[in-house]
Amino acid sequence: MFRLDPDTFKRIHPIEFHRRFLANGIRPDGRESLLSWRTPVVHTGSITTCNGSAMVRVGATAVLCGIKAEIAVPSAAEPTRGFVVSNVDLPALCSSNFRPGAPGEFTQSISDTVQSVVESAVDMDGLCIEPDRAVWVLYADIVFLNYEGAAMDAALLALMAALRNTRLPSKTVYSPTDGTVRASSDLSVPITLKHLPVASTFGVVEAGGGRMLMADPTEDEDAIVGSRVSVVVDALSGDLMGTFGGHIPLELLEQSVVLATQRAKEVGQIVGASK
Amino acid sequence: MVLQRSDGRTDNLQLRPPTTTLSPLSRADGSARFAYGKSAVLAAVYGPKEVRLRDELLDSAKIEVLFRPLVGLSGTTERLYEKTIREILESVILKHLHPRTSVQTFEGADDDSSSLILSCAINATILALMDAGVGLKSMVASVTCIIDDSNQLVLDPSAEEIKGAKSVHVFTFDNVSKDVTSCVSTGVYTYEQYKSVFEVSQSACASVQAVYRQTMENKVGGVETVDEE
């Protein structure tokens, strides 16, 4: 009798392949329910030439974040406010879905959402060296080495772990005569984080005649995911810090906020354990 | 004490009556201008028309969205706007009626006041699609809300009000389902605040949909309302 092996079946009929898992409430990567997450693994400080760095793995997704501190002139409107400039890169090497060249719409929109979240998480006034003259600017490069879904969740997690790992010189002196800043060579002062945002992404799938949430969909599972929503929750206070997505009934949106709040606490402990 | 907002409105939950212009462009298949106060977006729709070979879809129309800011080059924020608008359109346009074609929409900001522009762009695009006669499943409408620094909910904020906001919420609803068509929220806010923003936005969207209807009625029934003297 003719039989298809699972890999071929998945390639030829991706939707039917995932539908059969969905009917049994299990996931192709071994997760036992629609609402179970891949537990993130966080390593910090692996790049020694940076002020802070972190490597995060979520299942097969691997993302690296490095933070470099430089000195810049603050904007005239906000003379004590420093800057965090984050950039997310999904290069062609991380998945066959991304082409070399300029970043696409997906990459740029992830970049923009991560930037908008981090701006409310970091105490920007703590980055001031000399009002109206010099502030720290933290350049955060977030690069995916392997991509298997959870782009927003992993990118934000890597960025926050790297920011926690970031150390600035203990002494900085601004010289008004020549407009330069001299800094001590030690890197010992951590930056102040007001919040610890954790993003949780849900897919909305059709199952059993209704719609339900699927936590943390992988890239393959996108085949059956109709729409998605990312909920960002502060692991410290439990406040919400962003919601991005659409095409979701109100009750599922409410459920996603509750689940994201629980998960933020769990992930917050993992990040909190890293140095 | 009567509350006074920076643009003279007296209630935090007051929506400025949107200004709409239908078919301002003669060469597009459909076009519309939508404005909340000074923030305005001009949208043009081309299609269903022929599609580039590499974009061709066998069972539906390809939807392309191009957003241009008022000044300067478009950046990551504009890409997020494009993605948000495209995801809304992909669910609302009856794209399976037009396989192997493309529907292109262009949104140009007419004034720049950050988050409000996304709501204007969504609304202008929907009006332009209606003007072009592209089949839609429902009418979607978008409004912006903020939670200000004294934790007050403010509907349809002006540019100055957005600057001091603790959180900014752009909600989009349609007139058929109870789904949230799209939601982009930034800043720090509580779940209770989020729910109240949700409810206020939902009812505000209904009044924007009434404006759509009025605008279309003016277009279709324009001949009958002319007085003969």
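Keep in mind that this is a model prediction, so the values were computed, not measured. In what follows, chains carry the letters A, B, and so on, assigned in the order in which the sequence lines appear, proteins first and then strands, with residues in each chain numbered from 1.
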Exam field: side chain Y189(B) to backbone G242(A), donor-acceptor pair closer than 3.5 Å: yes
Separation between NZ of K83(B) and OG1 of T113(A), rounded to the nearest 0.5 Å: 7.5 Å
Interface moiety of K178(B) toward chain A, non-hydrogen atoms closer than 4.5 Å: backbone
Part of T243(A) within contact of chain B (heavy atom distance under 4.5 Å): both
Engaged part of K195(B) at the chain A interface, taking heavy atoms whose separation is under 4.5 Å: side chain
Proximity breakdown for V257(A) and chain B, heavy-atom pairs closer than 4.5 Å: side chain
From D112(A) atom CG to T76(B) atom OG1, the distance as rounded to the nearest 0.5 Å: 4.0 Å
Distance in Å, S120(A) OG paired with K166(B) NZ, rounded so as to fall on 0.5 Å steps: 12.5 Å
Stepwise side chain to side chain contact (heavy atoms under 4.5 Å, CB included) test for E87(B) and H247(A): CA-CA 9 Å; E87(B) 283 173 354; H247(A) 288 284; 5.7 Å; no
Enclosure of K265(A) NZ (heavy-atom neighbours >12, cutoff 6.0 Å): no
Derivation and outcome, side chain to side chain contact (heavy atoms under 4.5 Å, CB included), residues Q108(A) and L80(B): CA-CA 7 Å; Q108(A) 291 197 41; L80(B) 179 67; over 6 Å; no
Whether over 12 other heavy atoms sit under 6.0 Å from R68(B) CZ: no
L253(A), part contacting chain B, at a heavy-atom distance under 4.5 Å: side chain
Check ion pair R211(A)-D179(B) (N to O, under 4.0 angstrom): yes
Region of T181(B) that comes under 4.5 Å of a non-hydrogen atom in chain A: both
Region of E254(A) in contact with chain B, defined by heavy-atom distances below 4.5 Å: both
Short side-chain donor-acceptor distance under 3.5 Å, D239(A) and T190(B): no
Which portion of Y191(B) sits near chain A, non-hydrogen atoms under 4.5 angstrom: both
E251(A) atom CD, neighbour heavy-atom count above 12 within 6.0 Å: yes
Gap between atom CD of Q193(B) and atom CG of L240(A) - 0.5 Å precision: 9.0 Å
CD1 (I12(A)) with more than 12 external heavy atoms under 6.0 Å: yes
